[in-house]
Structure formats: structure tokens, C-alpha cells
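In what follows, a single structure is set out as C-alpha cells and then discussed.
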Amino acid sequence: MRLRNVKNKKEILDSSKLLILDYEKYKGKWNKLFNNDNPIYIEIGMGKGSFILENALRYPSINFIGIEKYDSIIARAIQKIEGLDDIPNNLRLLRMDAKDITNAFSKEIDKIYLNFSDPWPKKRHSERRLTSNSFLKKYDEIFKNEKVIEVKTDNQNLFEYSLITISNNGYVFENISLDLHNSDILDNIMTEYEKKFTEKNNKIYYLKAKKMSNKGKKC
Ligand code: SAH
């Protein structure tokens with residue numbers, strides 16, 4: 001996502017109540033921060049945050065954490081959300097590169113959303129894709145029991161790649177659509193990129209994958 005530099009981004013980040021700067025402190029203890037034991041869903045690469053915000057408003061008994069690596073982009077998300085009259089208390093944001101995700105969470109995440117992730121088309125960059133084996137191994141460490149990943153993209157190559165890596169990492173697919181907006185999935189919340197690509201008539205690919213905990217598998 002390209003965005004012009006936001007001039008006062010440092011002040012926006014430093015004064016935000018939504019943004020958790022010292023996220024390492026909450027590793028394994030996010031339920032304490034939210035002050036409840038509700039499930040925690042995260043979006044990695046949330047962009048300007050409209051998907052995660054809409055989810056937080058629609059599902060108050062789930063906690064949502066939006067993760068984004070660029071200051072300027074997260075500053076825009078903060079401005080938008082903190083401008084609301086009622087800021088949802090089930091939402092937090094992290095400024096972090098996903099490669100550091102195991103510093104932030106331990107066995108406490110119930111679902112990961114990967115929406116319109118950077119495709120990294122060159123083969124030599126494939127490990128940077130958020131559905132690469134190395135990322136999937138990290139997600140194994142942060143998930144609680146049942147692991148759920150939902151992917152949306154308009155990029156066919158990234159989608160095909162993700163079907164293979166996710167399947168090879170022990171997940172089963174609960175749902176796959178090659179044209180989400182003409183499917184029977186009705187509770188879809190559109191992301192910023194999804195709106196943009198849909199206006200261009202691109203089809204949206206979608207998958208929902210599940211893996212049960214390893215516990216009890218070998219005896
Ligand atoms: N999910 C949003 C934005 C998609 S663009 C939407 O669907 O509208 C992809 C976003 O992921 C960008 O904002 C980019 O900065 C962020 N991103 C890419 N790699 C990342 C990483 N390793 N860690 C965290 N965020 C990342």
C-alpha cells in the first residue's frame with residue numbers, strides 16, 4: 001500500500017490509546033489487556049483499518065487486533081478510528097512487521113485474517129509472502145487450540161500458492177471461493193483493497209482453513 005507521508009505521524013502514534021507500542025509486555029496476556037477471555041482475531045497487514053474496525057463494531061464479544069508495519073498507514077487508521085464518537089473497546093492496533101509476530105503473542109490467537117497481502121511475485125521473495133511456510137510456522141506458535149486462517153486476495157498466483165502452503169501445513173479448507181462476491185458467503189466485510197479491486201471488476205478469491213491442535217494426535 002502506497003501512502004503519502006503523514007507529517008505528524010509520530011505524535012499521532014505516541015498519543016494513541018488504541019495503539020499498543022510495548023506489545024512484548026502483553027505476550028501470552030492479551031486477555032488481561034482486554035479484561036475478558038473472549039476470542040482474539042488478528043488481521044496482519046490491516047492497511048487503513050476499515051475491515052478490522054467494522055468487525056469490532058459488528059462483533060463486540062470478539063477482541064480484534066490490527067497489525068500494520070508502516071507508521072504512515074497506521075497513523076491514518078488511528079485518525080479514522082479515534083475520530084469516532086464511540087471507540088470500540090474490543091479493538092487494538094499494533095505497529096509491527098509480521099516477521100516479529102511471535103514476540104507479541106503466544107498460544108492466544110483464535111483467527112488470522114490475511115486480506116490482500118503483498119503478493120511478492122518473484123520466486124526469490126516467496127518467503128516474504130504472509131502465507132509462506134516460515135510465516136505459517138510462526139502462526140502455529142501464536143494460535144490457541146483450533147487454528148483458523150482466512151485469506152482474501154485478487155491475486156491468482158498468491159491464492160494458488162497459499163492453497164498449497166496452507167494445505168501442506170496441515171490445514172483443511174472449510175470454504176474456498178474463486179468469486180467471493182458471487183458466492184453464498186453473506187457476512188463478508190469488505191476491505192479497502194477489496195472495494196478498489198471490485199470496482200475494477202477483479203474477482204475476489206477467498207479461503208477459510210482450519211487446523212486442530214496437535215494435542216492428543218500422537219500416543
Ligand atoms: N488489508 C488491507 C491492506 C492490504 S495492502 C486491505 O485489504 O485493504 C497490504 C498491507 O499489508 C499494507 O498496508 C502493508 O503495509 C502491510 N504489510 C505488508 N507486509 C507486512 C508485514 N510483514 N507486516 C505487517 N504489515 C505488512
Side-chain angles (χ1 to χ4, degrees), residues 1-6 9 12-13 16 18-21 23-24 27 40-58 64-81 91-105 109 111-122 124-139 141-142 148-159 161-162 165 177 180-181 185 187-200 202-208:
M1 176 179 277
R2 289 206 178 81
L3 197 74
R4 259 178 289 133
N5 189 30
V6 177
K9 59 177 185 269
I12 296 171
L13 265 61
S16 169
L18 276 174
L19 181 72
I20 307 298
L21 289 167
Y23 55 77
E24 284 100 343
K27 180 174 173 173
I40 304 177
Y41 294 3
I42 65 175
E43 183 188 10
I44 306 179
M46 65 158 185
K48 288 182 250 164
S50 43
F51 173 86
I52 202 86
L53 169 63
E54 185 57 35
N55 268 287
L57 294 169
R58 198 185 281 189
F64 291 91
I65 301 176
I67 297 168
E68 171 55 52
K69 76 171 168 184
Y70 289 116
D71 286 3
S72 290
I73 300 176
I74 210 160
R76 283 272 192 262
I78 292 168
Q79 280 179 316
K80 185 172 62 192
I81 303 168
L91 175 63
R92 295 293 186 281
L93 307 179
L94 300 189
R95 193 256 333 261
M96 179 176 74
D97 189 318
K99 71 179 168 51
D100 300 324
I101 200 144
T102 53
N103 296 339
F105 307 109
I109 301 305
K111 192 189 282 191
I112 298 179
Y113 291 105
L114 301 171
N115 294 322
F116 300 86
S117 306
D118 296 349
W120 292 107
K122 294 199 173 92
R124 70 170 189 279
H125 292 147
S126 61
E127 284 303 304
R128 295 185 194 175
R129 297 174 196 152
L130 292 180
T131 48
S132 68
N133 285 324
S134 44
F135 274 110
L136 287 163
K137 297 252 154 14
K138 288 182 202 257
Y139 304 156
E141 289 182 40
I142 68 168
V148 181
I149 299 179
E150 289 191 46
V151 171
K152 290 198 274 188
T153 180
D154 70 325
N155 186 297
Q156 187 182 342
N157 289 334
L158 180 68
F159 193 68
Y161 171 88
S162 304
T165 53
S177 175
L180 175 63
H181 296 167
I185 298 159
D187 59 350
N188 181 46
I189 292 177
M190 297 259 267
T191 78
E192 284 127 20
Y193 270 49
E194 188 170 354
K195 287 185 188 141
K196 210 169 67 180
F197 292 134
T198 304
E199 278 163 22
K200 288 194 199 165
N202 294 10
K203 290 211 182 346
I204 306 302
Y205 302 102
Y206 166 77
L207 70 82
K208 181 174 183 181

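We're numbering straight along the sequence, starting at 1. A quick note: this is a predicted structure, and the numbers were derived from the prediction, not measured. In listed order, ligands and their atoms are each counted from 1. Computed over heavy atoms, backbone and side chain alike; hydrogens, waters and symmetry mates excluded.
Every N/O-N/O distance between Tyr70 and ligand 1 stays at or above 3.5 Å. Polar contact check, Asp97 against ligand 1: a nitrogen or oxygen pair lies under 3.5 Å apart. When only interatomic distances are considered, the shortest N/O to N/O separation between Ile44 and ligand 1 does not fall below 3.5 Å.
Between Glu43 and Asn115, the side chains place a donor N or O and an acceptor N or O closer than 3.5 Å (distance only, hydrogens not considered).
Under a 4.0 Å N-O distance rule, the pair Glu192/Lys80 qualifies as a salt bridge.
Which parts of ligand 1 touch Gly47 is read off a 4.0 Å heavy-atom cut-off, strictly below it: atoms 3 (C), 13 (O). Applying the 4.0 Å criterion to heavy atoms of Ile73 picks out, from ligand 1, the atoms 13 (O), 15 (O).
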**Request:** Evaluate the side-chain contact (heavy atoms from CB on, under 4.5 Å) criterion for residues Ile185 and Asp187: first the C-alpha distance (whole Å), next the side-chain angles of each, then the deciding distance (0.1 Å), finally the verdict.
**Result:** CA-CA 6 Å; Ile185 298 159; Asp187 59 350; 3.7 Å; yes
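Under 4.0 angstrom from ligand 1, the non-hydrogen atoms of Asn115 come from both its backbone and its side chain. Only the backbone of Met96 comes within 4.0 Å of ligand 1, judged by heavy-atom distances.
For Gln156, the side-chain contact (heavy atoms from CB on, under 4.5 Å) test picks out Glu160, Tyr205, with sequence neighbours left out. Here Asp100 pairs with nothing under the salt bridge (charged side-chain N to carboxylate O under 4.0 Å, His left out) rule; sequence neighbours left out.
Within the structure, ligand 1 lacks Glu194 among the residues with a heavy atom less than 4.0 angstrom away.
Looking at heavy atoms from C-beta onward, Tyr193 lies out of side-chain contact with Ile204 at the 4.5 angstrom threshold.
Of all the listed residues (Glu43, Lys69, Glu68, Arg76), Glu68 holds the heavy atom that lies closest to atom 15 (O) of ligand 1.
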